[in-house]
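Heads up: the structure comes next, in structure tokens.
Side chains are part of it too, since the values below use all heavy atoms of this structure and drop only hydrogens, waters and symmetry mates.
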Amino acid sequence: MIRINKKTEPIEWTKKKLTPNFTKYSSIPELRDALLEEQGFICAYCMRSIPVKDFNEAETSKIEHIKSRSDLPDLQLDYNNMIICCPGSINGSSHCDKSKGHRSLSFSLFDISVQSSIVYGTKDGKIKSANATIDDEISSLLSLNNAMLKANRKETLSGILTILEKKKWKKAQIELKLVEWNKKENQRLKPYCGVVIWYLEKKLRQY
């Protein structure tokens, strides 16, 4: 996961909320576009790339409420309760929003302390948290440690580990690479960027 820098809600959504009798959540294109751009077109939970949908494609993204609409209906129109996720299925295995269902998370993806608690296994790609509650929800609620997601994170991290070992980067070079992985290109972040950012920041702390 990566920490999401939440921006101001799109003006179109603000106007929509002011529509008389608009009290039940219903998406608009501008809302989806704002969330995609905000997150760099990667899933808020698993960091998979979210493609742009065209008329031939099935569902490619899902606007997700961190605090479930079933649990807290008063937050269903709150932009600060919304993120965007991938379709939530790999080889028939549910994860992210599809695994979470109508349940609520106890933590916020906008909280820097949450991100600081996250670590990854360099040998297996497993995501973990030093906070026991968050760690449980990552695995049991969001299913972020299914085999495919772990393999994808491991493969992404392995690429950086190979380069580091081969070129023996100095501190300044690691800092430049960290900027690269934090940067959006054509509004997009690199898939699974969070695991690389975590590792590079860990390496920098050793200097």
(message) Do R48 and P191 have side chains that approach each other closer than 4.5 Å (heavy atoms only, starting at C-beta)?
(response) no
(message) I need the minimum non-hydrogen distance between K24 and L77, along with the two atoms involved.
(response) C-CD2, 4.2 Å
(request) Take atom CD of E185 as the centre, draw a 6.0 Å sphere, and report whether it contains more than 12 heavy atoms from other residues, nucleotides or ligands. (result) no
(request) Taking only Lys NZ, Arg NE, NH1 and NH2, and the carboxylate oxygens of Asp or Glu, determine whether E37 and K184 approach each other closer than 4.0 Å. (result) no
(message) Please report the interatomic distance CD1(I83) to SG(C43), rounded to the nearest 0.5 Å.
(response) 7.0 Å
(message) Do L204 and L200 have side chains that approach each other closer than 4.5 Å (heavy atoms only, starting at C-beta)?
(response) no
(request) Report yes if the side chains of M148 and S93 come closer than 4.5 Å at any heavy-atom pair, otherwise no. (result) no
(request) For residues S143 and L149, report the shortest heavy-atom separation together with the two atoms involved. (result) O-CD1, 4.0 Å
(request) Provide the closest heavy-atom pair for R153 versus G125 in the form atom of the first, atom of the second, distance. (result) NE-O, 2.7 Å
(message) So for atom CG, which belongs to L18, do other residues, nucleotides or ligands contribute more than 12 heavy atoms lying within a distance under 6.0 Å?
(response) yes
(message) For the residue pair K177 and W169, would you count it as a cation-pi contact if the rule is NZ or CZ under 6.0 angstrom from the ring centre and within 45 degrees of the ring axis?
(response) no
(message) Around atom NZ of K190, are there more than 12 heavy atoms from other residues, nucleotides or ligands closer than 6.0 Å?
(response) yes
(message) Is the shortest side-chain heavy-atom distance between M1 and I118 below 4.5 Å?
(response) yes
(request) Evaluate the salt bridge (charged side-chain N to carboxylate O under 4.0 Å, His left out) criterion for residues K128 and D135: first the C-alpha distance (whole Å), next the side-chain angles of each, then the deciding distance (0.1 Å), finally the verdict. (result) CA-CA 6 Å; K128 297 175 284 186; D135 189 58; over 6 Å; no
(message) In the structure I gave you, are the side-chain heavy atoms of Y79 and T14 within less than 4.5 Å of one another anywhere?
(response) no
(message) As a quick check of understanding, evaluate side chain to side chain contact (heavy atoms under 4.5 Å, CB included) for K154 and S158, giving each step before the final call.
(response) CA-CA 6 Å; K154 179 183 176 182; S158 293; 4.1 Å; yes
(request) Answer yes or no: is there a donor N or O on one side and an acceptor on the other, between the side chain of Q76 and the main chain of Y25, under 3.5 Å? (result) yes
(message) Working to the nearest 0.5 angstrom, can you tell me the gap between L157 CG and L164 CG?
(response) 9.0 Å
(message) Rounded at 0.5 Å granularity, tell me how far CD in E201 sits from CD in Q115.
(response) 8.0 Å
(message) So Y199 and L161, do their side chains get closer than 4.5 Å, heavy atoms only?
(response) yes
(request) Go through the side-chain N and O atoms of Y45 and E64 and say whether any donor and acceptor fall under 3.5 Å apart. (result) yes
(request) Take I50 and I42, measure what side chain to side chain contact (heavy atoms under 4.5 Å, CB included) needs, and give me the verdict at the end. (result) CA-CA 5 Å; I50 299 177; I42 63 171; 5.7 Å; no
(request) Kindly compute the distance separating NZ (K100) from NE2 (H65), expressed to the nearest 0.5 Å. (result) 9.5 Å
(request) Can you measure from NZ (K67) to CG (D74) and round to the nearest 0.5 angstrom? (result) 14.0 Å
(message) Is it the case that over 12 heavy atoms from other parts of the model lie below 6.0 angstrom from the CD atom of E155?
(response) no
(message) With side chain to side chain contact (heavy atoms under 4.5 Å, CB included) as the criterion, how do S104 and I66 come out once you've worked through the C-alpha distance, each side chain's angles and the decisive distance to 0.1 Å?
(response) CA-CA 6 Å; S104 294; I66 300 171; over 6 Å; no
(message) Quick test of your reading of the model: are K150 and D124 salt-bridged, counting only N-O distances below 4.0 Å?
(response) no
(message) Hydrophobic clustering (ILVMFWY, side-chain heavy atoms < 4.5 Å, transitive) - are L35 and F110 grouped together?
(response) no
(request) May I ask you to decide whether E180 forms a salt bridge with K183, counting only side-chain N to carboxylate O separations under 4.0 Å? (result) no
(request) Quick one: closest heavy-atom pair of F22 and K17, and the distance? (result) CD2-CA, 3.8 Å
(message) If hydrophobic residues (ILVMFWY) are linked whenever their side-chain heavy atoms come closer than 4.5 Å, directly or via other members, who joins L72 in its cluster?
(response) L75
(message) Grouping I, L, V, M, F, W and Y whenever their side-chain heavy atoms are under 4.5 Å apart, do L109 and L142 come out in a common cluster?
(response) yes
(request) Could you tell me whether E30 and K16 have a side-chain N and a carboxylate O separated by less than 4.0 Å? (result) no
(message) Nearest 0.5 Å, please: how far is NZ in K168 from CD1 in I163?
(response) 14.0 Å
(message) So does K6 get a backbone contact from the side chain of E38, meaning a donor-acceptor N/O pair under 3.5 Å?
(response) no
(message) Taking F41 as the starting point, is it possible to reach V196 by hopping between hydrophobic residues whose side chains are less than 4.5 Å apart?
(response) no
(request) Might you confirm whether atom NZ of K126 has over 12 heavy atoms from other residues, nucleotides or ligands at distances under 6.0 Å? (result) no
(message) Is there a side chain to side chain contact (heavy atoms under 4.5 Å, CB included) between T122 and W198? Walk through the geometry before answering.
(response) CA-CA 11 Å; T122 56; W198 163 80; 4.1 Å; yes
(request) Over all heavy atoms of both residues, which pair between S68 and H102 is shortest? Give the atoms and the distance, please. (result) OG-O, 2.7 Å
(message) Between D78 and N80 (side chain of the first, backbone of the second, donor and acceptor by atom type, cut-off under 3.5 Å), is there such a pair?
(response) yes
(request) Check whether any side-chain heavy atom of R32 lies under 4.5 Å from a side-chain heavy atom of I63, and answer yes or no. (result) yes
(request) Is it possible for you to say whether I160 and V119 belong to one hydrophobic cluster, with membership spreading through side-chain heavy-atom contacts below 4.5 Å? (result) yes
(request) State plainly whether one hydrophobic cluster holds both L36 and I28, where clusters connect Ile, Leu, Val, Met, Phe, Trp and Tyr through side-chain heavy atoms under 4.5 angstrom apart. (result) yes
(request) Please check if atom NZ in K15 has more than 12 non-hydrogen atoms from other residues, nucleotides or ligands closer than 6.0 Å. (result) no
(message) Taking the side chain as everything from C-beta on, heavy atoms only, tell me whether I90 gets closer than 4.5 Å to H95.
(response) yes
(message) Is a donor from one side chain sitting under 3.5 angstrom from an acceptor on the other, for S139 and N145?
(response) yes
(message) Which heavy atom of I2 sits nearest to which heavy atom of G194, and what is that distance?
(response) CG2-CA, 3.5 Å
(request) Check the side chains of N131 and S129 for a donor-acceptor pair under 3.5 angstrom, ignoring hydrogens and angles. (result) no
